Structures are given as C-alpha cells and as structure tokens.
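Quick notes on the structure that follows.
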Amino acid sequence: MRLCPLLGAATGAVLLLLTGATAAPATAAPATAAPATAASEDVTVEAVGRIAADGTITLSGTYTCVDATGPVYIGSSVRQGASTTSYGIGGTRAVCDGAQHRWQNTGRATPGAIVPGPVHVQATVLELRLVGILPLPRLHAVKDQDITLTRS
C-alpha cells in the first residue's frame, strides 16, 4: 500500500473538516440488520466509472464501517497509465453503523489528464478522530482497483 495517496486523503479530509464544509452523508438502506465486526469493514469500487465531456469523473461503490467517534469520509482518487500522479475525486460523508451503504464521488482532474479507458482507483474510508484538540486520521478501509471509465 502506498503512503502518498493515504496522506493525500487524510490531508483532504482534515481540510474539509477545518473549512467547515459539510458533505451530505452517503445514504442507502442497510443491506443487513446484523451489526458488523471490525473485520467486516470494507470499501468497494464499481468496475465502471463515468467521465463526462467536460472531464467530470464519477466513481461509486459500497462501504461498511463501525466504531467511529469522529466524522468519517469516503475519499477517492484516480490515476491513469504509467503516471504516478493521482487526482482526488470528491469526498462523501460516511455513516459508520455496521450496515452496507453506497457512496458516489464526483470531481475533475487536470484537464486532459484522465480520458475514457482503464484507470486505477483508490477508495478510502477515513475517520477524523479527535485526540485532544487534534483531528487524527483513523483508516477504516482502503481499496485499490483497476476499473474502466466510460463516456457519459
């Protein structure tokens, strides 16, 4: 697992929290009524994402998390080809109640940097847990996956 994308996700989540921005919680009907265990924390990425003519990228999937005491976010990033540059694609507020929920993030990369075709996506479920006065990141789940972006 590379550290740079995780640090980028953590930094983005901290900035989101510190700027007072509010993201709408990801919503979905719970898939199961039984509480999850920490071992069942997970995030998935759908095999096909979308890219609009203006470069707007939409990624989605599901997540499950538990035991959060601070705000939790689903972050995602995308990179293409041999490039080592990842582009953050949105952020969604998460609900950590042990049930499976859907997430969807939308954002843009540098114009022309990402085109339809194969890409690598990293999705992260990250909590900002207060320790004293500092919000420290706590990783709940990470998924690295190759997907296909199609024109929407």
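If you're wondering where the values come from, they're calculated on a predicted model, not measured in any experiment. For reference, positions follow the sequence shown, starting with 1.
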Handout entry: Flag side-chain contact, heavy atom, 4.5 Å: Thr62 against Thr64
Key = no

Exercise for the section: Taking Arg79 for its side chain and Val119 for its backbone only, find out whether a donor-acceptor pair lies under 3.5 Å. Expected result: no

Exercise for the section: Could you check if a side-chain atom of Tyr73 sits within less than 4.5 angstrom of a side-chain atom of Thr124, using non-hydrogen atoms only? Expected result: no

Exercise for the section: Would you check if Leu136 and Leu128 make a side-chain contact, meaning some heavy-atom pair closer than 4.5 Å? Expected result: no

Handout entry: Candidate pair Leu126 and Val72, rule side-chain contact (heavy atoms from CB on, under 4.5 Å), full reasoning
Key = CA-CA 5 Å; Leu126 182 75; Val72 181; over 6 Å; no

Practice task
Find the distance between CD1 (Ile57) and CZ (Arg108) and round it off to the nearest 0.5 Å.
Solution key: 10.0 Å

Handout entry: Leu149 and Leu59, any side-chain heavy atoms less than 4.5 Å apart
Key = yes

Exercise for the section: Output yes when a side-chain donor or acceptor of Gln122 lies under 3.5 Å from a complementary backbone atom of Val78, and no otherwise. Expected result: no

Completion exercise
Value for SG (Cys65) from CZ (Arg138), rounded to nearest 0.5 Å, stands at 9.0 Å

Handout entry: Heavy-atom closest contact (Thr92 atom, Gln104 atom, distance)
Key = OG1-O, 3.0 Å

Problem - Minimum-distance pair of heavy atoms, taken over all atoms of Thr69 and Arg129 - result: OG1-NE, 3.1 Å

Completion exercise
When every non-hydrogen atom of Ile89 is compared with those of Asn105, the smallest separation belongs to O-CB, 3.1 Å

Handout entry: Inter-residue atom distance Arg102.CZ - Ser60.OG, 0.5 Å rounding
Key = 5.0 Å

Practice task
To the nearest 0.5 Å, tell me how far Ile51 CD1 sits from Thr150 OG1.
Solution key: 9.5 Å

Practice task
Could you tell me the separation between the OH atom of Tyr63 and the CD1 atom of Ile74, rounded to the nearest 0.5 Å?
Solution key: 5.5 Å

Problem - Criterion side-chain contact (heavy atoms from CB on, under 4.5 Å) on Lys143 and Thr44, from CA distance to verdict - result: CA-CA 6 Å; Lys143 177 71 171 188; Thr44 68; 5.7 Å; no

Problem - Side-chain heavy-atom pair Thr56, Thr106 within 4.5 angstrom cut-off - result: yes

Handout entry: Inter-residue atom distance Glu127.CD - His140.NE2, 0.5 Å rounding
Key = 3.5 Å

Practice task
Please report the closest heavy-atom contact between Ile133 and Pro135, naming both atoms and the distance.
Solution key: O-CD, 3.7 Å

Problem - Considering all heavy atoms, the nearest Gly49-Ile147 contact - result: N-CD1, 3.8 Å

Handout entry: Closest non-hydrogen atom pair between Ala113 and Gln80, with its separation
Key = O-OE1, 3.7 Å

